[in-house]
Each structure stands twice: as C-alpha cells, then as structure tokens.
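Some notes on the structure that comes next.
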Amino acid sequence: MTSKNDIYFSKEHEQVRRAVRDFVNKEINPYMDEWEEKSEAPLHELFGKMGDLGFLGIRYDPKYGGQGLDYWYELVFLEEMAHVKGFGIPTAVGVQTHMATPALHDYGSDFLKETYLKPAIAGKMVSAIAVTEPGAGSDVSALKTTARKQGDHYVLNGSKIYITNGVQADFLTLLARTSDDPGYHSFSLLVVPTDIPGFSVSRKLDKLGLRSSDTAELFFDSMRIPAANVIGKEGEGFIYQMQQFQHERFVILPAAYIAARDMIDMTVEHLRQRMVFGKPLIKKQVLRHRLAGWLTEIECMRQLTYHIVQMKTAGLDATREISMGKVYAARLLRKVADGCLQMYGGLGFMNEMLISRYYRDARIMSIGGGADEVMQDVIAKLEGY
Ligand SMILES: Cc1cc2nc3c(=O)[nH]c(=O)nc-3n(C[C@H](O)[C@H](O)[C@H](O)COP(=O)(O)OP(=O)(O)OC[C@H]3O[C@@H](n4cnc5c(N)ncnc54)[C@H](O)[C@@H]3O)c2cc1C
C-alpha cells in the first residue's frame, strides 16, 4: 500500500532515513543528558563518525568527499536529525553542513575546498560560522572586524560573539570588512584557521538552552590570513553570506515539524495516563482541540517545506518562502514547547523532563540566524512594501 511518505520519498531515500535514524538512536540520543550537563559535545569524535557514514556532505560535490545527492536526501537527513532529544546537537551539526560550508562549496577555490571543505565533509575538521559581533547582529553590515590586505596576506583584527562550535572549531568561515567604502561590496568571506597566532577564545558562553552545543566569543589580534583564504571574490562576501543564510534558515523548517510532533507524541502519552478529576487528561476536549490545532500547523509547515524543496530542485529562488517558513517554524516550536510543558503541569517544569529542555532550546529559534522581525522585513521588502 502506498504511504503518504511514498509520494515524496523513494526506497533509496528511506534507506538513508533508516541509516540516519539508527545513528541518532545509537550515537547521539543516549549521550544527550551527559553533553547537556557538560555544556559541550565531543564534536571531533561525533563528526568523525558522521563523516565516515557520508552524512556531512549529502549534497556536496563527490570530488571533495560529498555524496552528490539531491535536496530530498538532504531533507531526509534534516528530518531525522530533528529526532535528537534537544536542539543543541542538530545546531552544531547544522553549522557544519548548512551554515559554515555552503559558500565554501559554491564559491571556494579548489585549494580551499581541498584544504577545508574536504576535511569538513569527512568530519576531520570542525567548522564554525563567524558573522555576529557585539555591535552587529541583525544588522550584519554594521560589523567592524577588519581584514586589511598586506602583500599576500590579510591582517585580521576584531571580535565575534555567540559563535556556535567556536570553542572547538578548526576553522571559521568569517565575514570581515575588507574596505571602508559604504555599501555591500566592502565585505569578504574568509576561511580563518584557528591555529594561526592571534586567535583566542575569549569566553565560552553560558546559555539558557542549546546547552550541548558550545558557543564562544572570539578575538582576533593581528592574525595573518593567507590571501588565498578569501572565498570567491574579495568584496562579495556580504552577498555570499546572504545566500548562505538561506541554507541556515531552511534547517529550522524540518526541525520544527518533526520535533513539534515528537513533543506532542510524548505529551499525549502523559495525558493518557495522568488522572485529573477522575479521568485521564486526554479526555478533556479543550486539550484535544489544542493538540489538533498544533497538528494542523505542523502539516502546513511540512507542506511548505516540501514546496521549498521542489522550488530548490527546480532552481528557483526560495528566499521569500524560506523567510516565511523560518518565522512560522520558530513560532510553532515555541508555542508547542510551551503548550506541552503546560500540559505536563509541575512535572514539566522539572529539569529532568525532556519537555523542559525543548522549552529552553526553542526560545533561540526566533532570534538566531535572523530574528522573526528581520525575516518579516525580508518578506515585506520582497512584496515591495
Ligand atoms: C545560541 C546562539 C547561537 C548563535 N550562533 C551563531 C553563530 O554560530 N554564528 C553567528 O555569526 N551568530 C550566531 N548567533 C547570533 C545570532 O544570529 C544573533 O543573536 C541574531 O542575529 C540577533 O542579533 P543580536 O543578538 O545582535 O540582536 P539585535 O540585532 O540586537 O536585535 C535584538 C532584537 O531586536 C529585534 N529586531 C532586530 N531587527 C529588527 C527590525 N528590523 N525590526 C524590528 N525589530 C528588530 C529582534 O527581536 C531582535 O531579537 C547565535 C546566537 C545565539 C544566541
């Protein structure tokens, strides 16, 4: 019998799904409590295992170790990663696959791809994306870190904040100002190896959620970066980063409809056995209707995501749809996490309960990678308002 999944996914897609699911169940979920407690996961070890299985370069060029597969395989991977119990590890992995490497793959020289993309796909190097600064978050163009050309090097000075994987990264994909001219053509994306003198992790940051992913403040003191480490053309970094953001923002869409469903499933189990006023809580129509409302939104979220995959497969620009999807996904996750916690009662407020982790982790989704308001600005602008 044909299942709903068969409309979109082939047997081969399902094989990949099973492989990722097995990995999540065996190599990630059993360690989540420990990594949350430590506020860090062993990324070199974890990425090494994922690289061996071909998970870190699903869409990337086989010449550099990628699988060369289509957007549907990538979606299968993201859907299964969303079954991780908490968003810390999917975020750390997403940085490696969808935030720090897309521009390197699309615009990097052969030298850069051999030296950095290949080991990132193999899981031998950990990467981070370094855009945000203390004075420049939503307004990326306000960044002050400079890379000044001196012969065959750039001299890098400045700092970056809230950098995921920043404590463990072997290289950063970093956006810096390479010219003082106004406008968007004064920035460049550089690959910054963290073993060059002048690099330091000034602070490992203590966070409300995503505790299993490390987040750092970084400092650059006259680091000498080889000129060959510029991705694509000097001065085009801002444009590349705006494109790279589309991959980053897309990741949250499947995370939303999968993790929200997981939260609901686990909450329903609780509602079935929790007796209140002499009956299981699931018998309360107000709660059943609330659950049905969320399931409806989850289905909308899934269908928008599949539509975006079709657009991307057809080579269409999906900036408008991805921006809409990011706002919707973030709000859906926050709403479902909050609503499920409410249904658990006092138990849901206990740190030992997974729902409390989802509740803490979901909060960042409306802020990171472009806050809701920034996404709405993009949508309004594209509509000509
Ligand atoms: C856990 C975590 C991980 C992160 N990982 C990374 C990373 O790996 N690499 C990286 O470069 N950055 C990372 N960030 C940074 C993140 O992308 C920024 O925090 C985000 O872009 C918002 O920037 P900001 O914090 O400077 O907020 P601000 O720019 O100061 O904005 C504050 C608030 O103002 C509102 N706002 C902003 N713009 C508008 C507008 N146009 N209209 C109306 N309201 C608006 C929004 O509600 C926003 O939340 C991370 C952040 C966190 C917390």
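Atoms within each ligand, like the ligands themselves, are counted from 1 in listed order. Being a predicted model, the structure only gives us computed values, none of them experimental. The first residue in the sequence is number 1, and the count goes up from there.
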Under-4.0 Å heavy-atom contact between protein and atom 51 (C) of ligand 1: yes
Check: T164 N/O within less than 3.5 Å of ligand 1 N/O: yes
Ion pair check, E36 and R357, cut-off under 4.0 Å: yes
Donor on one side chain, acceptor on other, Q244 and E248, under 3.5 Å: no
I need the atoms of ligand 1 closer than 4.0 Å to a non-hydrogen atom of A371, numbered in the order shown. 46 (C), 48 (C), 49 (O)
One finds that the ligand 1 atoms under 4.0 Å from a non-hydrogen atom of I364 are 52 (C), 53 (C)
Lys/Arg-Asp/Glu bridge criterion (N-O < 4.0 Å) met for E79, R17: yes
Please state which part of M99 comes within less than 4.0 Å of ligand 1, counting heavy atoms only: side chain, backbone, both or neither. neither
Ranked by distance from atom 4 (C) of ligand 1, the top protein heavy atom is Y162 O, 3.0 Å
Minimum heavy-atom separation for F55 and T97, please, with both atom names. O-CG2, 4.3 Å
Would you mind finding which of A142, S138, G370 brings a heavy atom closest to atom 29 (O) of ligand 1? S138
Within 4.0 Å of some non-hydrogen atom of K207, the atoms of ligand 1 are 1 (C)
Quick one: which ligand 1 atoms are inside 4.0 Å of a heavy atom on I367? 20 (C), 21 (O), 22 (C)
Identify the protein heavy atom lying closest to atom 26 (O) of ligand 1, giving its residue, its atom name and the separation to 0.1 Å. G137 CA, 3.2 Å
Per-atom filter on ligand 1: closer than 4.0 angstrom to a heavy atom of G369 are 17 (O)
Which atoms of ligand 1 are found less than 4.0 Å from any heavy atom of V374? 38 (N)
Report yes or no: does a heavy atom of V95 sit under 4.0 Å from some atom of ligand 1? no
Output the list of atoms in ligand 1 that are nearer than 4.0 Å to some heavy atom of I163, sorted by atom number. 7 (C), 8 (O), 9 (N), 10 (C), 11 (O)
For the ring pair H13 and Y73, is the centre-to-centre distance below 6.0 Å? yes
Aromatic ring centroids of Y306 and F9 under 6.0 Å? yes
Who's the nearest protein heavy-atom neighbour of atom 47 (O) of ligand 1, and how far? E373 OE1, 2.8 Å
Atom 41 (N) of ligand 1: nearest protein contact (heavy atom, Å): D377 OD2, 2.7 Å
Is the distance from the ring center of F219 to that of F199 below 6.0 Å? no
Among Y116, Y64, Y60, which residue satisfies the ring pair (Phe, Tyr, Trp, His ring centres under 6.0 Å) criterion with H105? Y60
Could you tell me whether the side chain of P193 reaches within less than 4.5 Å of the side chain of N229, counting heavy atoms only? yes
Could you list which atoms of ligand 1 come closer than 4.0 Å to a heavy atom of I129? 7 (C), 8 (O), 9 (N), 10 (C), 11 (O)
Verify the contact flag for atom 34 (O) of ligand 1, where contact means a protein heavy atom under 4.0 Å away. no
Could you tell me whether D61 and K113 have a side-chain N and a carboxylate O separated by less than 4.0 Å? no
Ligand 1 contact on V131 by region, counting heavy-atom pairs under 4.0 Å: both
To check you understand the geometry: which heavy-atom pair defines the closest contact between P254 and T305, and what is its length? CD-CG2, 4.1 Å
Should we say atom CD of Q342 is surrounded by more than 12 heavy atoms from elsewhere, each under 6.0 Å from it? no
Note the single closest protein heavy atom to atom 12 (N) of ligand 1, along with its residue, its atom name and the distance in Å. T132 OG1, 2.7 Å
